[in-house]
Amino acid sequence: MGDNLDDLYRDIIMDHYKYPRGKKKLEKADVKNEGKNPVCGDEIEVSLKVNSGKVEDISVECIGCAISVASGSMLADAIRGKTIDEVKKIAANIKAVLIGEKAEEAVELGDLEALEGVNKFPVRVKCALLSWTTLIDGLEAWETGEGKNGSTTE
Amino acid sequence: MGDNLDDLYRDIIMDHYKYPRGKKKLEKADVKNEGKNPVCGDEIEVSLKVNSGKVEDISVECIGCAISVASGSMLADAIRGKTIDEVKKIAANIKAVLIGEKAEEAVELGDLEALEGVNKFPVRVKCALLSWTTLIDGLEAWETGEGKNGSTTE
Amino acid sequence: MKSENTGGTILREKREATAGFDPEAIMADFPILTRKIGSNKLVYLDNAATTQKPTSVIEALNSYYRVMNANVHRGLHTLAEESTAAFEEARRKTALFIGGVKSEELIITRNATESINIVAASWGRKNIRRGDRIVLTEMEHHANLVPWIALSKETGAELAYIPIDSQGVLDLENIDSIITDNTKIVSLTQMSNVLGTINPVEEIGRIAHAAGAVFLVDGAQSAPHMPVNVKAMDADFYVFSAHKMLGPTGIGFLYGRENILNSMEPFLYGGEMIREVRYDYADWNILPWKFEAGTPNIAGAIGFSPALDYLNSLGMESIRDHEKKLTAYAIERLSEIKGIMIYGPKDIESRGGAVSFTHGEIHPHDLATFLDSRGIAIRAGHHCAQPLVKKLGLNATARASFYIYNTNSDIDDLAAGLAEAWRYFGHG
Amino acid sequence: MKSENTGGTILREKREATAGFDPEAIMADFPILTRKIGSNKLVYLDNAATTQKPTSVIEALNSYYRVMNANVHRGLHTLAEESTAAFEEARRKTALFIGGVKSEELIITRNATESINIVAASWGRKNIRRGDRIVLTEMEHHANLVPWIALSKETGAELAYIPIDSQGVLDLENIDSIITDNTKIVSLTQMSNVLGTINPVEEIGRIAHAAGAVFLVDGAQSAPHMPVNVKAMDADFYVFSAHKMLGPTGIGFLYGRENILNSMEPFLYGGEMIREVRYDYADWNILPWKFEAGTPNIAGAIGFSPALDYLNSLGMESIRDHEKKLTAYAIERLSEIKGIMIYGPKDIESRGGAVSFTHGEIHPHDLATFLDSRGIAIRAGHHCAQPLVKKLGLNATARASFYIYNTNSDIDDLAAGLAEAWRYFGHG
Ligand SMILES: Cc1ncc(COP(=O)(O)O)c(C=O)c1O
Ligand SMILES: Cc1ncc(COP(=O)(O)O)c(C=O)c1O
């Protein structure tokens with residue numbers, strides 16, 4: 001570590017942290033899940049409107065550090081309009097990027113690549129992951145009809 | 001430690017170890033007590049015949065290392081014919097010698113002074129003490145009429 | 001400030017402090033302080049989590065393994081005798097350090113947490129029933145919360161908490177309705193690891209004993225930082241950790257009053273803690289070994305000896321004095337910074353050197369990461385006191401905490417870093 | 001000797017042994033071996049009690065405290081991150097060493113004794129009732145006896161023992177009447193610390209599992225001395241101590257099958273082992289941290305890493321081979337000495353390098369003191385196995401035990417010392 005701070009807090013991330021997207025609450029969401037990292041105190045709520053297999057609208061409300069807030073905001077931007085299948089692939093790619101591995105099936109990440117810097121800060125990986133895990137758990141619960149008792153990445 | 005072994009196993013001690021005195025069982029003892037150091041496995045039985053306040057006869061049966069056997073044997077030799085008061089003083093002196101302190105009221109120890117070498121071997125002090133503690137506990141139980149649940153120096 | 005008629009005392013303390021405290025010399029005794037973090041020198045302000053170790057402690061560990069290492073208590077050979085003597089000498093020294101308790105009353109454990117668990121499990125299971133009350137405070141560390149929550153769940157006993165006021169000081173106004181006749185134990189920290197608050201343990205101990213309760217003091221944060229006398233506070237149990245006071249990791253202590261320890265069942269069973277074992281029977285060794293099963297952390301205990309020597313040579317009064325000055329300076333400097341909010345008492349006499357704060361909207365985790373990039377090590381989070389941090393209306397705080405090798409210059413670095421963080425995270 | 005068709009294997013093992021084992025080079029890695037006891041060089045034959053440490057282990061401790069020391073898991077600063085990574089790396093390495101179990105399944109404890117206590121308390125209290133049976137063997141160490149004696153006293157469960165025969169080998173003839181359907185756990189040592197016996201854990205594990213019992217293997221004496229594969233022996237729990245295998249004191253391990261560990265209540269409560277705490281509620285962290293409360297022995301774990309590297313670089317097969325040769329030589333030399341009686345199996349394939357013996361009428365304590373005066377460190381007593389030693393008809397034995405740095409010359413010194421002791425104590 002030391003002084004490669006700007007690698008973590010890249011401009012894109014700082015922009016999402018200061019002006020988080022997708023904060024507005026959804027009326028009648030199809031998918032809804034809460035995530036919580038009690039050790040950090042981070043809390044997140046992800047809600048989706050799904051239409052013909054695509055994410056029509058999304059809301060991400062997050063209380064947490066810059067990394068978890070930015071990651072949630074970038075998630076909102078990245079998956080709007082995508083099919084559920086594409087969303088899953090993106091999420092898998094993000095996980096791979098964060099733990100410094102290669103994804104099985106690589107997809108274009110665009111702005112999301114800024115999250116790559118987090119993998120040099122192992123203790124912060126769980127912050128960046130929280131929104132994604134909460135999203136995927138929520139989708140799975142929705143698909144299988146099984147409730148999920150809240151998500152966590154701690 | 002190292003090679004001052006002969007300081008521990010002095011000639012007198014080795015003689016008592018090889019030819020322990022006072023092993024013969026007493027008929028009808030007045031004072032009787034058992035001592036045991038379960039961690040070492042040492043076991044001892046001390047019995048006294050007391051007559052007009054003096055130790056008329058004594059038996060010490062000991063299973064244990066050279067130091068505990070010799071100490072018990074020397075005890076038998078040392079207290080025969082002594083008054084109970086003298087016995088207590090000798091015991092107090094032996095304890096002081098073994099832990100390397102000065103006794104409150106010094107008495108002549110004669111051969112018993114050979115036990116002095118034990119104080120350079122702290123882990124062996126309890127071996128040398130066992131017979132003496134067993135004796136004193138037995139005397140106290142006899143004087144107060146209260147039973148003692150076996151003695152130990154561990 | 002104190003009134004004039006205590007001037008003599010103040011003067012004497014000042015002289016001691018000056019005599020004992022040469023920051024340059026002390027820093028030179030701690031090899032890690034020469035370390036660089038990236039291109040910055042290390043500024044270590046995470047002492048409430050664990051402290052750094054002087055050369056003498058590191059060398060004692062080194063030399064233990066190089067010339068003396070052997071298992072203790074059962075051995076008849078030279079190495080075993082030497083190790084046993086050094087191990088028991090560390091116990092004796094520690095017993096002296098906390099006010100001259102008997103060696104038999106001082107159990108060597110893994111850490112303060114285990115020490116409290118021994119009390120909760122061995123003393124608690126035997127003495128606590130449904131309808132009984134366990135009294136804690138709102139500022140306890142998880143180590144002095146979770147064992148009691150578990151015990152209360154197991155036994156049906158109720159938990160009651162002495163509240164804190166807005167300054168983070170215990171509010172004793174309704175203490176009589178909290179420490180009631182059915183209270184079996186009162187267990188509290190002598191110094192908060194979040195707020196810095198020093199609690200009036202003598203006073204609470206008197207109230208606890210008057211109610212017939214047993215009294216446990218968690219000294220994890222106090223024993224390292226101020227003179228401690230277990231007898232004066234009349235504690236039945238006192239716990240602390242070596243690693244928070246210059247010592248090695250893996251070593252802690254449980255002081256217990258002899259008659260209470262004797263009345264308790266052992267906590268761990270195995271070698272060393274027994275007197276006699278048969279296939280269907282076992283009885284116990286005498287104190288303190290009755291509570292020490294298996295091979296102990298021999299090197300850890302022996303390595304703690306020079307830590308105590310080091311603290312004693314500085315003098316605990318002087319250490320307390322040094323930290324008071326640092327804490328006052330830290331509160332002064334941090335208060336000047338826009339956005340900073342400090343928690344806990346402002347009165348230096350009633351607090352130690354753990355200073356928790358928040359910095360506007362900046363999340364404490366981001367603050368810690370930012371400061372780290374400048375070489376400054378602070379802690380951020382709930383500090384193992386989730387309920388307290390929640391009670392403050394927060395999810396996390398940032399915390400700087402001081403020790404003997406810290407100086408005003410460390411605090412200047414911290415203040416500069418915090419001011420810069422304000423700009424970096426876009427509030428400038 | 002093995003039959004001819006295994007000749008290939010023997011040859012390969014021999015080559016490995018020669019490759020890995022350069023006694024001079026190994027001895028040079030252990031600073032304590034240059035120590036003098038009085039005017040004699042140290043001959044350390046007390047390895048079953050604890051082993052000596054190579055320079056790499058001592059240096060790892062040294063350098064941990066000099067450059068990295070910080071509390072683990074909660075810290076966001078560089079030192080805390082580095083410490084956490086090194087601490088968890090030690091866990092991963094250890095999990096690999098015992099056969100590639102998952103890191104989550106490996107709890108870091110204080111020692112093997114504590115590991116067994118966790119099982120007896122957390123698993124045992126939940127799963128053992130009056131009418132149930134706990135099966136041990138007659139050769140167990142107090143660490144694997146006393147926790148079960150206490151649990152049996154608490155629950156009313158019965159204890160049953162697999163007996164030993166005159167060779168000190170488990171007699172499995174009536175095993176079906178011992179491991180019965182009401183048997184809830186079978187807990188035994190893989191290698192006896194008194195007799196050296198290596199037990200057929202795979203076979204006993206199958207029988208235990210067939211009866212529906214949980215299976216615990218005490219690896220305190222085996223993990224240091226032979227290849228160990230927890231999966232191959234299908235153990236539900238496996239315990240061992242770092243200090244008996246070149247590592248620091250104060251560090252041990254409990255391997256537990258994931259689903260069983262998940263079903264258990266925590267053993268110690270406090271920081272680190274929780275997920276969420278409120279004043280009246282607590283839930284637990286995931287494995288392995290659920291069982292690790294408070295600040296761990298960080299330096300101890302990190303110092304164990306190079307110990308494993310050292311063992312791996314020699315190869316556990318080679319170590320076993322080296323010790324077989326030493327043990328064969330020891331049994332041969334000691335058998336020549338008048339008065340010596342050796343306990344435990346004579347067949348080298350079925351025993352490790354802990355050799356217990358008596359020497360005529362000479363009390364083992366006197367023997368140990370005598371040998372110490374020649375610089376030779378052995379152990380004497382009941383070796384924390386009182387019932388076994390009683391069963392042998394003794395109060396104590398003398399024990400020599402070997403490790404990688406021992407050579408035939410050490411055994412020659414021992415033999416010479418024993419012959420001399422015979423004269424010294426008046427049997428010559
Ligand atoms: C077979 C066996 N089990 C358990 C133990 C206990 O080990 P520790 O004292 O490290 O807990 C020992 C150590 O002597 C042993 O030999
Ligand atoms: C007040 C208090 N109590 C207990 C503890 C627990 O100490 P350990 O982790 O050494 O067991 C701490 C350490 O953070 C503390 O600050």
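In the text below, chain A, chain B and the rest are named by the order of the sequence lines, each starting its count at 1. For clarity, every value in this text was computed on a predicted model and none was experimentally measured. Just so it is clear, the values below take in all heavy atoms, side chains as well, and ignore hydrogens, waters and symmetry mates.
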Locate the shortest heavy-atom distance separating [X] from [Y]; write the atom from each residue and the value.
X	Y	value
C:Val67	D:Ile32	C-CD1, 3.5 Å
D:Leu42	C:Leu79	CD2-CD1, 3.8 Å
D:Gly270	C:Thr113	CA-CG2, 4.1 Å
D:Trp284	C:Val146	CZ3-CG1, 3.7 Å

When [options] are compared by non-hydrogen pairs under 4.5 Å with chain C, the top option:
options	result
D:Thr34, D:Leu268, D:Val57	D:Leu268
D:Leu388, D:Asn69, D:Leu136, D:Ile251	D:Asn69
D:Gly294, D:Gly250, D:Pro387	D:Pro387

Among [options], who wins on heavy-atom pairs under 4.5 Å with chain D?
options	value
C:Pro266, C:Ala368, C:Ala377, C:Ala301	C:Ala377
C:Arg278, C:Arg379, C:Glu140	C:Arg379
C:Ile116, C:Leu145, C:Asp46	C:Asp46
C:Ala112, C:Ala150, C:Ala220	C:Ala150
C:Ala143, C:Pro147, C:Ala380	C:Pro147
C:Glu276, C:Arg66, C:Lys390, C:His141	C:Arg66

Would you find a donor on one side and an acceptor on the other, under 3.5 Å apart, between the side chain of [X] and the backbone of [Y]?
X	Y	result
D:Thr50	C:Asn71	no
C:Tyr279	D:Glu138	yes
C:Glu272	D:Cys384	no

Of the backbone (N, CA, C, O) and the side chain (C-beta and beyond), which part of [X] lies under 4.5 Å from a heavy atom of chain D, both, or neither?
X	value
C:Tyr161	side chain
C:Leu159	side chain
C:Thr51	backbone
C:Thr295	both
C:Ser63	neither
C:Ile118	neither
C:Ile298	both
C:Pro248	both
C:Asn111	side chain
C:His365	both
C:Glu158	neither
C:Ala80	side chain

Validation row: C:Ile274, D:Gln386 side chains within 4.5 angstrom (heavy atoms): yes

D:Val277 and C:Ile149, any side-chain heavy atoms less than 4.5 Å apart: yes

When rounded to the nearest 0.5 angstrom, what is the spacing between [atom1] in [X] and [atom2] in [Y]?
X	Y	atom1	atom2	answer
D:Asp366	C:Leu76	CG	CG	9.0 Å
C:Glu154	D:Glu265	CD	CD	9.0 Å
C:Leu61	D:Leu61	CG	CG	6.5 Å
D:Asp372	C:Glu81	CG	CD	7.0 Å
D:Arg110	C:Asn297	CZ	CG	8.5 Å

Sidechain N-carboxylate O distance under 4.0 Å for C:Arg35, D:Glu82: yes

Contacting moiety of [X], where chain C heavy atoms sit under 4.5 Å:
X	answer
D:Glu59	side chain
D:Tyr65	both
D:Thr109	backbone
D:Phe30	neither

Enclosure of C:Lys153 NZ (heavy-atom neighbours >12, cutoff 6.0 Å): no

